[in-house]
Each structure stands twice: as C-alpha cells, then as structure tokens.
Amino acid sequence: MTGTILITGASSGIGQATAEFFADKGWTVGALARRAEPLEEMAAKNDLIVPLPADVGDPEAVEKAFATFVDKAGRLDVLFNNAGMFGVAELIDDVPLDVWNNVVNVNLHGMFLCARAAFGQMRKQDPRGGRIINNGSISAHVPRPNSVCYTTTKHAITGMTKALSLDGRDLDIGCGQIDIGNARTPMVAAQHERARAAGTKPDASMDVSNVTEALWFMATRDLEANVQFMTVMAREMPFIGRG
C-alpha cells in the first residue's frame, strides 16, 4: 500500500523518523518544519520526501505548504500533526509569558492550523476523505511535574481529536490520536538531562521504531475503520489509565 502523508515537526525526532519510515515504504511524504536544511538533507536521500519549510504557527505559511504538497503529490491521504515543544520545566508562576505563548502557538494553534488545512483538502479532493493523526502525549492523560504549558496543550489536543473525529464522520475523514511515552528523541533526551541534573532517575524510554510502526498501523487502516486513540509507551513506565 502506498499513499501520501504530510508530517509536521519533520526535521528531527519522531517526525523525522516517521518521514523516513513512510518514504521507505514508498509513500510520498511532505516534511514540514521551520528549519529548511534538515528537510533538504532528508529529501536528498529519498526523492519521495518533499521539503516544506514553514512555521506551523503562521496561517499563510501553512496554507502555502499544504498547497505545494498537494500540487506535487496529487492529494493528501494522511496528516501526522506532530510538531510540538515542551517549554520550560517550572512551576506556573515561574513560567515566562512568552514561553507560554510560544508553546500554545506551536502545540495548539499550529496543530489547529494544520488540521484545518488538511480537513479542507480532504473534503474537496476526489476521491474525498483522508485521515488526521494528532500527536498527543502521555501528558494528555496525566502531567509530569513542572509541565503546565505542555500538559495543558496536550489535553486540548484530545478535545480537538474528539471534535474532528465527530465532524469528519460524514465526510470520510477519520481522526485519531497517538499518545507516546517516551520515545528516545532529542526532546526526551533533554528531559532526561533535567532529571539527572535534579538528582532524580529519568523516565523509562523506548526506541522510536515502536512509534513509527504504530503510526503505520493507524495510517493504513481502510477508511471504514479508525484507531481513535493509541498509547505506545515504554514498558517500565507506570501504567496510565484513561478516565
């Protein structure tokens, strides 16, 4: 099976790993991120990767990137709405307002803009439909200490996932969410460094391939089926229930 997928936050971590994984499977991949250089390096290794340098918080840049990808790929089958940032590990009264605004701009506003662009494209293309996969987090269930910015936005993404899943039912658009904890990426490595600096044991982690395989399963279901929520987590992490 081949198709087309646009991945945000594709210049590193889970986004980069997913872009390379899907391209190796023969999919046409739109790789969207702010930094052009790593995207171009990925595209130089696999001509199925289309570099799309853009800021997810910029409405015009998002619309242009999606239009560029559809022009080259023909349609959009899947959006992996992945771009995100942690912010600072502080108590709420020590969080600078510009940090809060930056996290909300990327993790919530940016994901809204990308979902909006994908939803609109999937409504109008022929054949109609597609799938949006939002990157939630274990923090969409329960918070880590000193993570008010990240946790708040990830809880909001769960609401977005539910709303889009409902609104897309009659339009052949599925929406699901993958909650990850903790794939070994640069962001998790930074969290581990903070934990060590504080004299605490870092959380358990797992290889990022566990995430790419899970995303492949979610993305390749027939549109009559939808994986609405999937949690993929390191085995040694504490159990996290929903509800």
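Model, not experiment: these values are computed from the prediction. Index from 1, following the sequence.
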(request) Going by the side chain to side chain contact (heavy atoms under 4.5 Å, CB included) test, name the single residue among Asn134, Ile5, Thr8 that passes it with Leu79. (result) Thr8
(message) Tell me the closest heavy-atom pair linking Leu76 and Thr4, and the distance in Å.
(response) CA-OG1, 3.3 Å
(message) Going by side chain to side chain donor-acceptor pair (under 3.5 Å), name the pairs with one or both residues in residues 114-133, residues two or more places apart or in two chains.
(response) Gln121-Gln125, Arg128-Asp172, Arg131-Asn226
(message) Quick check: closest heavy atoms across Asp179 and Ser137, and the distance to 0.1 Å?
(response) OD1-N, 3.0 Å
(request) Could you list all the salt bridge (charged side-chain N to carboxylate O under 4.0 Å, His left out) pairs where at least one residue sits in residues 105-115, not counting sequence neighbours? (result) none
(message) Please say yes or no: joined through hydrophobic side-chain contacts below 4.5 Å, possibly via intermediate residues, are Ile14 and Val106 part of one cluster?
(response) no
(message) Just so I know, are the side chains of Val211 and Met206 near enough to count as touching, which here means a heavy-atom distance under 4.5 Å?
(response) yes
(request) Mind jotting down which residue pairs meet the salt bridge (charged side-chain N to carboxylate O under 4.0 Å, His left out) criterion with at least one end in residues 141-157? Sequence neighbours excluded, please. (result) Arg144-Asp203
(request) Go through the steps to decide whether Leu166 and Lys162 satisfy the test side chain to side chain contact (heavy atoms under 4.5 Å, CB included), and finish with yes or no. (result) CA-CA 6 Å; Leu166 176 64; Lys162 293 176 179 179; over 6 Å; no
(request) Begin with the C-alpha distance, continue with both residues' side-chain angles, and end with the deciding distance and a verdict on side chain to side chain contact (heavy atoms under 4.5 Å, CB included) for Asn82 and Thr18. (result) CA-CA 10 Å; Asn82 167 68; Thr18 304; over 6 Å; no
(request) Measure the shortest side-chain to side-chain distance between Met160 and Ile157 over non-hydrogen atoms and say whether it is less than 4.5 angstrom. (result) yes
(request) Please list, chain by chain and in numerical order, all residues satisfying side chain to side chain contact (heavy atoms under 4.5 Å, CB included) with Ala156, sequence neighbours excluded. (result) Leu108
(request) Pick out which of Thr220, Ile180, Val232, Ile133 makes a side chain to side chain contact (heavy atoms under 4.5 Å, CB included) with Leu215. (result) Ile133
(message) Tell me whether Asp167 contacts the main-chain N or O of Leu164 through its side chain, where contact means a donor paired with an acceptor under 3.5 Å.
(response) no
(message) Once salt bridge (charged side-chain N to carboxylate O under 4.0 Å, His left out) is applied, what residue pairs with a partner in residues 104-114 remain, sequence neighbours excluded?
(response) none
(message) If the condition is side chain to side chain contact (heavy atoms under 4.5 Å, CB included), which residues does Ala204 pass it with, not counting sequence neighbours?
(response) Ala234, Glu236, Met237
(message) For a quick test of reading the model, state the closest non-hydrogen atom pair linking Gly15 to Ile7 and the distance between them.
(response) O-CG2, 3.8 Å
(message) Whether the side chain of Thr153 engages the backbone of Tyr150 through a donor-acceptor N/O pair (distance < 3.5 Å, no angle test) should be reported.
(response) yes
(message) I need the full list of ring-ring contact (aromatic ring centres under 6.0 Å, His included) pairs touching residues 22-61, with sequence neighbours left out, sorted by first then second residue.
(response) Phe22-Trp27, Phe22-Trp216, Trp27-Trp216
In a table with atom names and distances, give each donor-acceptor pair under 3.5 Å that connects a side chain of residues 51-67 to protein atoms at least two apart or in another chain.
from	atom 1	to	atom 2	distance (Å)
Asp55	OD1	Gly57	N	2.9
Asp58	OD1	Glu60	N	3.1
Asp58	OD1	Ala61	N	3.2

(request) Check salt bridge (Lys or Arg N to Asp or Glu O under 4.0 Å) between Arg75 and all other residues, then give those that pass, not counting sequence neighbours. (result) Asp77
(request) Verify the cluster assignment for Ile132 and Phe217: are they in a single hydrophobic cluster under the rule of side-chain heavy atoms below 4.5 Å apart? (result) no
Quick one: side chains of residues 28-49, donor-acceptor pairs under 3.5 Å with protein atoms, not counting sequence neighbours, listed by atom name and distance.
from	atom 1	to	atom 2	distance (Å)
Arg35	NH2	Ser11	OG	3.4
Asn46	OD1	Leu48	N	2.9

(message) Could you check whether any side-chain N or O of Asn81 sits under 3.5 Å from a backbone N or O of Met111, counting only pairs where one atom can act as donor and the other as acceptor?
(response) yes
(message) When you measure from the side chain of Asn105 to the backbone of Asn101, do you find a donor-acceptor pair of N or O atoms at a distance under 3.5 Å?
(response) no
(request) Can you run down the ring-ring contact (aromatic ring centres under 6.0 Å, His included) pairs that involve residues 101-136, sequence neighbours left out, and say none if there aren't any? (result) none
(request) Flag yes if Met1 and Val227 sit in one hydrophobic cluster, no otherwise; membership is Ile, Leu, Val, Met, Phe, Trp, Tyr, and two members link when side-chain heavy atoms are under 4.5 Å apart. (result) yes
(request) Verify the cluster assignment for Val78 and Met122: are they in a single hydrophobic cluster under the rule of side-chain heavy atoms below 4.5 Å apart? (result) no
Side-chain donor-acceptor distances from residues 83-96 under 3.5 Å, at least two apart:
none

